[in-house]
Novice: 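Following this message is one structure expressed as structure tokens.
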Amino acid sequence: MVEEFTDKEFEMYSRQIVLSAIGYQGQEKLKKGRVAVVGVGGLGSPVATLLTAMGVGYIRIIDRDIVEVSNLHRQHLYTFKDVGYPKVEVAAKRLRELNPYIEVEPFPIFIDDSTVLEAVRDVDVVVDGLDNFKARRAVNKACYKLSIPYIYASAIETYGSTTTIIPGVGPCLECIFPNVSDEGLPTCSTVGVHPSVLQIISGIEVYEVVNILTGKSPRLLGKLLIYDLRELTSSLVDVTKSKYCSVCGGLGVEKEEVRYPVVEEVCARGGLATFMVNPGRIIRLNLEELLSRLNSPKYKLITRSQLGMTLQIDSKIKFSLLHSGIAVIEGVESGEEALRIYRDIMENVIKIETEI
Amino acid sequence: MPKVKLVLPSILACSGDKVREIEASTIRDVVEYLCSLRPDIKSRIISHDGEINTFLNFYVNGVNAYFIKGVETELKDGDEVSVIPALGGG
């Protein structure tokens, strides 16, 4: 049951309500809609902003990252003052300010097979704001299992691509890009990405979300759109479902688990080696309770935010912990050292079994 | 050798023709053609162990060759082969 629009909402959405492609009934359906934006980086930031401003009733934003200066040229949910804070926390605050009439839920987690089913549960559409195929393959499998439409998109340099996946109806991501690995693929940090191509592709993703939520046929079902900003051209390629697909082909051959390593090196901050530790499951920590246990002079609280906190450990190590159990550790020599510190704090100070 | 219609994305064709006719008996021949067309990215097309990198997909008349016989997929006169790279970033 959708409540009536307030006068402010009605005014805010007036240009969509008069738009024949959406209309009053479409706007009501958007308000009822529930969407998960997986990744709020280059693609996910504009996707989440548009969906919020357009009045989609519930938006879940999922990302494990912390805001970095190198994000700011294309990820406009964040500003310099947000550097060092969890992306989903900053994004949720900005999005709620943009539209106080919708619900925004932040999920500061890794996306892999251990977390993805919980992350995308109970939504009508999942939108891709990811930057790697490992996580996309996990999302594709989960969306197939839960029968949730998934808007795939990616962008690099001046190119972008997107398609709409309706489980059981058209091809899934594994049909289109079988067995694809991130190994050997250029990334935004190595070859760059033009912010304009992100705006174009994210705009098309949102168009498809709106088509689905308002009961219209998605335009990119069974079609992969590839956009080239340099030439201002796009191509639409027919893509087909395969009966041999390891995810949706029905042969039951999908065995591979998509899991992140428990510890991985991420972009160095301030010249210090930085590692991220993945708890391998979704943990829900009570940060207030944790802070009360951190009474050792060894740990000094530097920052405390809604979803996380950063501790200084001796003079050179910074330990940032999100309430989902993810930690970012700066100033250590190796992944082993990062993991040792993580286990020590979690098991001996916070008293939580880590299982890693 | 069969003559096939090769459809390239602009990311691979650069400023050249995106649709061209080439001679190819199998997808392997198409890969060799791509390597000669773009020697600058040959190392991205073929990985260090000699396998075709998984980001490149070859659709034969709308069906991904991965689900036919991979690089050994046979081609015949008039087939349309579209090369579709998976883009990784976002």
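Letters go in sequence order (proteins before strands), and every chain restarts at 1. This structure is a prediction, so every number in the text was calculated from the model and none was measured.
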Novice: Can you tell me which portion of A:S235 sits under 4.5 Å from chain B's heavy atoms? Options are side chain, backbone, both or neither.
Specialist: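 Answer is neither: A:S235 stays 4.5 Å or more from chain B.
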Novice: Shortest non-hydrogen contact from A:P178 to B:N64?
Specialist: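 Scanning both residues completely, I find the closest heavy atoms to be CD-ND2, 3.2 Å.
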Novice: Keeping A:S154 on the side-chain end and B:G88 on the backbone end, is there a donor-acceptor pair under 3.5 Å?
Specialist: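 It does not hold such a pair.
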Novice: List the atom of B:G62, the atom of A:T240, and the distance in Å for their closest heavy-atom pair.
Specialist: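 Here B:G62 and A:T240 meet closest at O-OG1, 2.8 Å.
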Novice: To the nearest 0.5 angstrom, please state how far the CG atom of A:D131 sits from the CG atom of B:L87.
Specialist: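 Here the interatomic distance stands at 13.0 Å.
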Novice: Can you say whether A:I226 sits under 4.5 Å from chain B via the side chain, the backbone, both, or neither, judging by heavy atoms?
Specialist: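 Contact with chain B involves the side chain of A:I226 alone.
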Novice: Can you name the residues that form a side chain to side chain donor-acceptor pair (under 3.5 Å) with B:N53, not counting sequence neighbours?
Specialist: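 For B:N53 there are no side chain to side chain donor-acceptor pair (under 3.5 Å) partners, ignoring immediate neighbours.
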Novice: Is it the case that more than 12 heavy atoms not belonging to A:E183 sit under 6.0 Å from its CD atom?
Specialist: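 Counting other residues, nucleotides and ligands, CD of A:E183 stays at 12 neighbours or fewer.
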Novice: Taking the side chain as every heavy atom from C-beta outward, state whether B:P9 and A:D228 have any pair of such atoms under 4.5 Å apart.
Specialist: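 A side-chain contact is absent here, since even the closest heavy-atom pair is not under 4.5 Å.
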Novice: Do any of residues 69-77 of chain B have a heavy atom less than 4.5 Å from a heavy atom of chain A, and if so, which, in residue order?
Specialist: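 Not one residue of residues 69-77 of chain B has a heavy atom under 4.5 Å from chain A.
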Novice: A:V180 and B:A86: which non-hydrogen atoms are nearest, and at how many Å?
Specialist: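 In this case the closest contact between A:V180 and B:A86 is CG2-CB, 3.9 Å.
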Novice: Less than 4.5 Å to any heavy atom of chain B: does that hold for the side chain of A:I176, its backbone, both, or neither?
Specialist: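 Contact with chain B involves both backbone and side-chain atoms of A:I176.
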Novice: At under 4.5 Å between heavy atoms, what parts of residues 163-172 of chain A are in contact with chain B? List them by residue number.
Specialist: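 So far as heavy atoms go, nothing in residues 163-172 of chain A approaches chain B to under 4.5 Å.
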Novice: Checking B:F55 against chain A: side chain, backbone, both or neither under 4.5 Å from a heavy atom?
Specialist: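 The answer is both parts of B:F55.
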Novice: Quick check on A:R219: does its CZ atom have over 12 non-hydrogen neighbours (other residues, nucleotides or ligands) under 6.0 Å away?
Specialist: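 Result for CZ/A:R219: open.
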Novice: Give, as side chain, backbone, both or neither, the part of A:N132 having an atom under 4.5 angstrom from any heavy atom of chain B.
Specialist: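 Just the backbone, heavy atoms under 4.5 Å.
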Novice: Are the side chains of B:Y59 and A:V239 in contact, using a 4.5 Å heavy-atom criterion?
Specialist: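 A side-chain contact exists here, since the closest heavy-atom pair is under 4.5 Å.
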Novice: The criterion is side chain to side chain donor-acceptor pair (under 3.5 Å); which residues satisfy it with A:N278, sequence neighbours excluded?
Specialist: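 By the side chain to side chain donor-acceptor pair (under 3.5 Å) rule, A:N278 matches no residue at all.
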Novice: For A:Y152, which atoms come within 4.5 Å of any heavy atom of chain B: side chain, backbone, both, or neither?
Specialist: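 Only the side chain of A:Y152 comes within 4.5 Å of chain B.
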Novice: Measuring heavy-atom distances to chain A, does B:F67 have an atom under 4.5 Å in its side chain, in its backbone, in both, or in neither?
Specialist: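 Answer is both: backbone and side chain atoms of B:F67 are under 4.5 Å from chain A.
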Novice: About how many Å separate CZ of A:F177 and CD1 of B:I84, when rounded to the nearest 0.5 Å?
Specialist: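 The CZ atom of A:F177 is 7.0 Å from CD1 of B:I84, to the nearest 0.5 Å.
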